[in-house]
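All values below were derived from every heavy atom in this structure, side-chain atoms included, with hydrogens, water molecules and symmetry-related copies excluded. Because the structure is predicted, anything quoted here is derived from the model rather than measured. Counting convention: from 1, in listed order, for ligands and their atoms alike.
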Amino acid sequence: MKHSDIFGESVFNENNFKQYLNKDSFNSLIEAIDKGNKISRELADQLAAALKSWALSKGVTHYSHWFQPLTGTTAEKHDAFFDITSEGFPLEKFDGAQLVQQDPDASSFPSGGIRNTFEARGYTAWDPTSPAFIFDTTLCIPTIFVSYTGEALDYKTPLLKSITSLDNAATSVSKYFDKNVSKVFPTLGWEQEYFLIDKSLIDSRPDLKLTGRTLLGHGSSKGQQLSDHYFGSIPTRVLEFMKELEYECLRLGIPIKTRHNEVAPSQFELAPIYEEVNLSVDHNSLLMDIMYKVAYKHDFEVLFHEKPFDGINGSGKHNNWSLATNTGVNLLSPGKTPMSNLQFLTFFINTISAVLEHEELLRAAIASASNDLRLGANEAPPAILSVFIGKQLTKVIEDLENVSKGKLSPEEKTDLKLNVIGKIPEILLDNTDRNRTSPFAFTGNKFEFRAVGSKANCAKPMTFLNAMVAEKLISFKCKVDNLVANKNMKKDDAIFNILRDQIKEIKPILFEGDGYSKTWINEAKKRKLSHNKSTPEALSAYLFKKSINLFSSLNILSQREIEARYIVDLQEYTMRIQIEARTLGDISRNHIIPTAINYQNTLIKNVRGLKEIYGNEFKKHATEQMSIIERISEHVAAINSGVNFMISSRKKANEINDPHKKAIEYSKKVLTKMDLIRYHCDKLELLVDNTLWPLAKYRELLFSC
Ligand code: ADP
Ligand code: MG
């Protein structure tokens with residue numbers, strides 16, 4: 001089977017529509033996709049008829065609006081095509097109204113207070129820029145999800161708006177260099193890391209089942225020390241899973257390209273060919289759904305949690321991001337001519353400048369309870385945002401920094417064109433040998449945002465990044481136009497002047513060294529970069545004046561919407577820790593303590609027996625047993641008081657109404673107690689008879705593939 005033969009067979013894209021529509025209708029559809037024009041009722045009916053007839057020919061029985069609410073996962077409500085006419089005839093029905101808008105009773109999704117219960121309903125509206133697809137036997141129609149009062153309740157709505165803003169801003173800047181550019185779109189290629197664990201072992205672990213991570217468990221003697229898993233031969237059972245996964249993905253138009261073993265045992269990665277960002281985000285969300293299902297068939301469970309196991313690497317999802325034009329140019333790729341390189345530098349420097357301005361907001365974009373456990377650990381980029389650009393580009397911007405103020409002499413311009421920007425090679429060698437410790441690295445022809453969590457919906461970090469770059473490009477264009485209009489400067493002189501000023505400003509965010517080192521933490525502090533270790537601290541950036549201004553001025557999110565998202569994310573954080581704390585409390589009390597006491601009883605019986613045999617001499621034979629009996633008592637007591645304390649901290653935290661203060665309390669009081677309980681449980685794991693231990697251990701979980 002060739003991959004190209006099955007690619008996209010379960011997708012209904014523009015080309016498929018072409019076969020069903022006349023020329024005018026098809027052109028109207030393309031205009032709606034490209035320019036966001038409204039789709040008439042008549043056209044919608046034609047489109048619905050085409051979709052229905054294709055879907056029925058594939059044995060599909062149901063359709064569903066498919067959306068991404070603020071839970072971060074996907075949501076679908078299936079309706080059958082089947083209907084009965086007023087005359088009593090059964091038939092399959094699907095018209096334009098049903099395609100374009102639906103009214104699911106979706107009142108239970110998080111809204112951050114936007115919807116009061118009396119206006120609880122939201123509606124979904126078709127996103128024609130992401131094609132419909134067949135998943136199982138349902139026709140899934142990608143949609144946005146908004147409240148009746150017009151506020152976004154999902155991830156797609158602001159993402160689409162950010163794409164439009166960035167298109168407008170980047171297209172007008174591109175026109176400085178090439179008049180033929182009429183559209184710029186952000187591109188995304190994600191690299192999805194995940195763990196695959198035998199399902200039956202997961203079933204013994206309430207923590208993995210309920211929270212996606214191990215809340216306790218002593219490290220395995222062998223972990224990832226030997227680096228023997230990384231890029232190793234893929235285990236046969238896993239390869240079978242991957243093959244089926246790729247087959248399903250390809251049919252759904254997800255262009256999977258790469259698969260390999262990752263660093264930790266049982267950890268893997270897959271990556272697609274990059275796509276336009278909206279489609280790529282949809283594909284990543286769909287991929288995660290497919291992965292759960294395919295894993296299940298292979299008696300695996302897939303873990304997307306950012307830190308499922310202590311002491312070994314967690315998982316991330318690098319977001320490779322760039323900008324492409326309708327003329328086929330990657331704006332973040334150095335070109336062959338000085339002019340194309342000036343264009344490259346313009347987008348390159350503006351992106352860095354945007355990241356510097358909103359570094360705290362970008363940190364907030366990737367904040368979650370689970371990603372907190374990974375960021376700053378030794379395998380993941382730190383919670384401090386910085387940008388790596390490599391030696392060659394560092395030299396280029398150092399040279400550009402010395403450009404004269406005002407008009408450039410012809411000699412200086414020639415020198416710049418020949419010796420600075422003309423010398424940027426098309427392939428940047430040191431950027432392929434990337435600094436792995438950087439959270440935001442330039443990797444030759446794209447930026448790689450590495451701090452994104454494996455479980456995350458990419459829409460949020462992409463929306464934030466698109467927005468901040470759009471804002472920067474708008475301001476860049478304003479400044480350049482101003483110099484041209486008011487200072488009588490030539491366009492390229494003006495561009496050199498503004499870039500020089502920006503280069504002077506971006507220095508604090510540029511960092512080429514080891515992002516994992518302690519010295520960087522101090523250095524970053526001196527540079528006034530933020531270091532928000534926990535989600536509640538990080539999320540405060542949503543409410544910065546400049547953040548609200550960014551989103552509202554570009555019409556991406558209103559103040560009310562951003563405030564709602566702030567509440568939703570804080571509440572999710574608190575609930576995740578609450579679930580973890582409850583689960584750990586249950587496991588400690590219902591699994592660990594009874595097992596430890598059980599074993600202690602065996603030891604006590606043994607000591608009694610020894611006493612029977614040896615009389616007063618027994619101690620000589622029972623030293624170890626007595627010591628274990630004592631240690632078990634100590635650990636059991638510590639767990640018990642730890643759990644009691646954790647429960648009372650939780651109760652206290654629950655009384656707090658302010659969602660920010662509550663989340664802080666959960667982070668500072670509840671989460672920290674969990675570490676202590678875990679410590680004692682893990683000590684018991686080392687003491688207690690292996691045959692009695694009720695939970696699969698790390699060595700079993702991690703080496704089950
Ligand atoms: P790695 O980082 O593992 O060495 P690559 O750098 O080749 O792998 O690519 C990683 C991801 O970056 C892939 O998903 C790829 O499609 C994506 N990518 C490559 N070029 C671009 C681009 N211009 N825009 C967005 N993503 C890109
Ligand atoms: Mg990469």
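Only the side chain of Glu191 comes within contact range of ligand 1, with a heavy atom under 4.0 Å; no backbone atom does.
Those atoms of ligand 1 with a heavy atom of Thr187 less than 4.0 angstrom away are 22 (C), 24 (N), 25 (C). Annotation for ligand 1: atoms under 4.0 Å from non-hydrogen atoms of Ser322 are 22 (C), 23 (N), 24 (N). Atoms of ligand 1 found under 4.0 Å from any heavy atom of Ile273, numbered from 1 in the order shown, are 16 (O).
Annotation: cation-pi pair Arg237/Phe300 present, NZ/CZ under 6.0 Å from the ring centroid and within 45° of its normal.
Residue Trp321 has no N or O atom closer than 3.5 Å to an N or O atom of ligand 1. Here's the thing with Glu269: none of its N/O atoms is less than 3.5 angstrom from an N/O atom of ligand 1.
When the heavy-atom distances from atom 14 (O) of ligand 1 to Pro272, Ala271, Pro186 are ranked, the shortest goes to Pro272. Closest heavy-atom approach to atom 12 (O) of ligand 1 within the set Asn320, Asn330, Leu332: this belongs to Asn320.
The main-chain N or O of Pro272 is never found under 3.5 Å from a side-chain atom of Lys257 such that the two would form a donor-acceptor pair.
A salt bridge links Glu246 with Arg259; the closest basic N to acidic carboxylate O contact falls under 4.0 Å. Classification of Glu360 and Arg363 as a salt-bridged pair fails, no side-chain N sitting under 4.0 Å from a carboxylate O.
Under 3.5 Å, the side chains of Lys156 and Gln68 contain no donor-acceptor pair of N or O atoms. At a cut-off of 3.5 Å, with distance as the only test, no side-chain donor of Tyr176 or Asp492 sits close to an acceptor on the other residue.
The shortest heavy-atom distance from Thr443 to ligand 1 is not under 4.0 Å.
Between Leu529 and Pro508, the shortest heavy-atom distance links the atoms CD1-O, 3.4 Å.
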